[in-house]
2 protein chains.
Amino acid sequence: MADHPERRVPTLMDVADRAGVSAQTVSRVVNGQGPVAARTRARVMDAIGELNYVPNRLARGLARQRSLSIGFATNDISLHAPSQLASAIEGAARQAGYSLIVTIVAGYGLAPVTHALRALRERQVDGALINASLSPGDAHEITARFPDLPCMFMDVPPSAGVPGALLDQALGARLGADHLLNLGHTRIACIDAPQGAVAEQARLRGWEDTLAARGLSLVARAAGDWSPASGYAATQTLLAGGVPFTGLLVANDQMAVGALRALWERGVNVPADVSVVGYDDTAESALLIPPLTTVRQDFPLLGRRAFAHLHALLRSETHPPTLSTPELVVRASTAPPPGPERQDVQAALRTLMAALTRP
Amino acid sequence: MADHPERRVPTLMDVADRAGVSAQTVSRVVNGQGPVAARTRARVMDAIGELNYVPNRLARGLARQRSLSIGFATNDISLHAPSQLASAIEGAARQAGYSLIVTIVAGYGLAPVTHALRALRERQVDGALINASLSPGDAHEITARFPDLPCMFMDVPPSAGVPGALLDQALGARLGADHLLNLGHTRIACIDAPQGAVAEQARLRGWEDTLAARGLSLVARAAGDWSPASGYAATQTLLAGGVPFTGLLVANDQMAVGALRALWERGVNVPADVSVVGYDDTAESALLIPPLTTVRQDFPLLGRRAFAHLHALLRSETHPPTLSTPELVVRASTAPPPGPERQDVQAALRTLMAALTRP
DNA sequence: ACACGAAGTGTTAGCCTTAACATATGGCCG
DNA sequence: CGGCCATATGTTAAGGCTAACACTTCGTGT
C-alpha cells in the first residue's frame, strides 16, 4: 500500500525535530494546554502542517489512561430503533471528542451482552451504552461484572437503580390502548415482539394493565419479530383464530405495515372495521394507506440524552435515570368500532369494488 | 466508579508474576503463538482466570503497529442502506477479530470524508470502508491524501480504478426502466435523490440511457431526499406539473411509499393508471398496498464482500473491484399503461367508491 | 561423548504519547 | 542588584504490550 516504502507516518518526535523543540512542547501545542510562546506555537503548527502529522490516539490513550472512545452495544443495528440511536449517539459523541465503537449483540439475555462488553473493555472504551433488551436483574449483574466500566442502560426501567435513559414504554403502551378504549373498542387484540425483548414485555404489560383498568383484557395475541413479514403473518393468525376484534395494538410500525396489508387482503377495512395502532412513528407511517395512528418515540433525543448522561458519568457527575415520554399521534388508522349491521354493508361494498376494479 | 479504589485493572505483568513466568510467555499464551509447554500454559491460563485479565488492545496496537480495528465512514446511518451495511460489516469484522469504528459523514463531497478519515487515522484503524457518495475523482483524491490507509469505496463505479465493492446501480436502474418499457409505457417520470449522491447520478443516468435506447426520455423529474415525505412531495409536484405520465421510477422504496400515498390521494390508481417502480426492496415493500415492484439490492452481501476485500487488502492481496448485480422483483405496482378511455372509467369508479366507503 | 538443533523461556528495547518534575529565562520588587 | 515568581521549555519515566534476540535445557545422531 505504501507508495514510499521508507516513509513512516510522522510522529510527535518528527514534528519536534523539525520545529526544533522537544516532544513535550509539541504535545502541549497539539493539546492546547500549558504555556507555549506564540512564536514556538507557530513553528510547531507549521511543522505539523508540513509533515501532515496526525496524533496517535492509541498512544495517547495508553499514556492518558483513557481512550476517548465509547462503545455502543446494541441489537441488530439494521432495525429502526438501534439505527436511529446509533446515528444520534455518534453525533453527540463526536462532538464531545469521542469515537464510537459499535458492537452488535446477537440474541437476548446476559451472555451475549457480557461478551460484547468484554470486547469493548479490551478496546479500553471509557464507557458503554447498552441497548440490548436487558432485564433489571441482568443490568445489575453487568454493573457487578464490569465495575470499572461506566454503563448506560438504554432500555432498562428506571426502577432498576442502574444508570439509564429510556423511553417510557409503559406510558406509550397506555397511550395506544387508552386511545382505542376511548374510541369505544372493547375487543382488542395485539401483536407483540420477540420473547426476551424488554421493550416487548413493557409494552405488553402496559397494554394489559390499561385494559385491565377498564375490566377488559386482550381478546387475542400473536407474536412477531419486528419485521413487516412477521406482522403480516401474525395478523393472518389472528384473523384465522376466529376471535373477532375491532382494535389491534402492534408493537412497532414495521409490523403494522404487515398488519395493514393482511387486513386489506381479507377485505377488512381499516379503520372502519378494525382500528390499528402502531408504535415508533417511523418516517413511513404518516404516508401509509391509511396513515397510521402510532406512538411516537423520539430516538434521536434518547440517543443524545444517553450520551450526555454517560459523559456526565465519565466526569464523575451522577445523573438520575431519565424517562422520555412518548406521545400518541392520531391518524386515520383508528376510528370508533363499527356497529354489527354496518359491518355487513362494508363487506358487500368491498366485494363489489374489488370485482369492478379488477382489470 | 471503582468499588476498590486501590485495585487497578490487571496487566500482563500481573499475570506473569502470579504465574511465575515472564511477560513474554504470557503474551505467547494469550496470542497462541510461539512454543509454550502445556504445564506453563495451564498455569498462565489459571492466573488469567483468577485475575480476570483482559488484554489491552491499545497497548497491543501500539506495539504491533496495527490496531485490529477498521473504520466505517458513511452517510447517515439511520437510512436503510447504511444501516444494513453497518450490520453486515460489523458481523464480518468481528468474526475476523476486528472492531468497527463508525463515523458519520455529514453531507456530500470530498471535504467531510477527508475529515472523517483523518479522525479514523488518528484511531490507527487498519483500513476504512467508505460509503459516502464519492465521485471517482474524489475517490482518487482520497487515496492520494491517505496513501497509508487502505480504503474500500463502496459506491464508486468500478471504472474508477480504486478498490471498490459495489452494487451495479446502472444495471439496477436499467432493470426498472426496461420493465416499464416492456410493459408498454412511454411516458415515464422519475423521482431521484439528492444532488451529490452518487447513487442518484448512477440511477438517473441508467434510467435516461435506457429510455434513450428506445428513443424516449423522462417526461418529468423531481428530486427527493430519500425520505417518504420527500417522495410524497415530489409526486405532488409531478402531478401538479401537468405533464401526464403512466410510469414512475423512484430512487428508493421509502420515497416510493410517499409516492404511492400521493397518487392514492389524487385518486390515481396504481398500477391501473400509473405504474411505480422502487429501488432497494426494503422489508416493507412486499406488503405495501399495492406491493411494490422494485430493484432488490443485497446490502448484507455487499457489506460482507466489502469487508472481505478490505481484509484481503490488509494482507496485501489485491482484489479487483466487485460488482454485485441487483435484481428486479416484479410485484403488483406495475402493469401495462391504461388506454385513454379506460382511464375515465377508473376515475369515475374511484370517485363513486370513495363516496360510498366514507362513513 | 560431543555437537547440533529444537523447544521452551527470559531479556531488552522499542511502539508514541503524556504526567510529573526539572531547568532555564526574563521581569519585577525591595 | 539579589531574590523571587511567572513563563517557557526540556528531561525522565511511565503506560501495557510485543518483536527480536539471547539463553537454557533437552533429545538426537554419530
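Computation of the quantities below employed the complete heavy-atom set of this structure, encompassing side-chain atoms and omitting hydrogens, waters and symmetry-equivalent molecules. Every chain is numbered from 1, with letters handed out A, B, ... down the list of sequences.
Closest contact between the side chain of A:Tyr53 and the listed nucleotides C:dT18, C:dT17, C:dC16 involves C:dT17.
The distance from the CD1 atom of A:Ile89 to the OG1 atom of A:Thr74 is 8.0 Å, given to the nearest 0.5 Å. Interatomic distance, OG of B:Ser324 versus CG of B:Leu301, reported as 5.0 Å (0.5 Å rounding).
Partners of B:Arg123 under the salt bridge (charged side-chain N to carboxylate O under 4.0 Å, His left out) rule, at least two apart in sequence or in another chain, do not exist in this structure. A search for ring pair (Phe, Tyr, Trp, His ring centres under 6.0 Å) contacts involving A:His311 returns A:Tyr98, A:Phe307, not counting sequence neighbours.
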Inset, instruction - Go through the steps to decide whether B:Trp226 and B:Asp76 satisfy the test side chain to side chain contact (heavy atoms under 4.5 Å, CB included), and finish with yes or no. - result: CA-CA 11 Å; B:Trp226 303 123; B:Asp76 188 0; over 6 Å; no
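For the salt bridge (Lys or Arg N to Asp or Glu O under 4.0 Å) condition, the pairs that include at least one residue of residues 81-93 of chain B, sequence neighbours left out, are B:Glu90-B:Arg94. Residue pairs satisfying the ring-ring contact (aromatic ring centres under 6.0 Å, His included) criterion with at least one member in residues 108-147 of chain A, sequence neighbours excluded, are absent.
Around the CD atom of A:Glu317, the shell of radius 6.0 Å holds more than 12 heavy atoms that belong to other residues, nucleotides or ligands.
As a whole-Å value, the separation of B:Asn56 CG from C:dC16 C1' is 14 Å. Put simply, CG on B:Leu62 is 4 Å from C1' on C:dC15, counting in whole angstrom units. To the nearest angstrom, C1' of C:dG14 lies 16 Å from CG of A:Leu58. Between B:Arg60 atom CZ and C:dC16 atom C1' the separation is 18 Å, expressed in whole Å. At whole-Å resolution of the value, CG in B:Leu12 and C1' in C:dC15 are 15 Å apart. Rounded to an integer number of Å, the gap from A:Asn31 CG to C:dC16 P is 17 Å. Separating the CD atom of B:Glu122 from the P atom of C:dC16 is a distance of 15 Å, rounded to the nearest angstrom. Taking atom CZ on A:Arg66 and atom P on C:dA19, their separation rounds to 10 Å, with Å as the unit.
In 5' to 3' order, the nucleotides of DNA chain D bounding all contacts with chain B (an atom under 4.0 Å from a heavy atom) are D:dG16 to D:dA20.
Shown here for A:Ala132 and A:Asn75, the closest heavy-atom pair between the two residues is CA-ND2, 3.6 Å.
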Which atom pairs link the protein and nucleotides 7-13 of chain C when you take only N or O atoms and keep those under 3.5 Å?
residue	atom	partner	partner atom	Å
C:dT9	OP1	B:Thr40	OG1	2.4
C:dT9	OP2	B:Ala37	N	2.8
C:dT9	OP2	B:Thr40	OG1	3.2
C:dG10	OP2	B:Ser22	N	2.7
C:dG10	OP2	B:Ser22	OG	3.0
C:dG10	OP2	B:Thr25	OG1	2.9
C:dG10	N7	B:Arg28	NH2	3.0

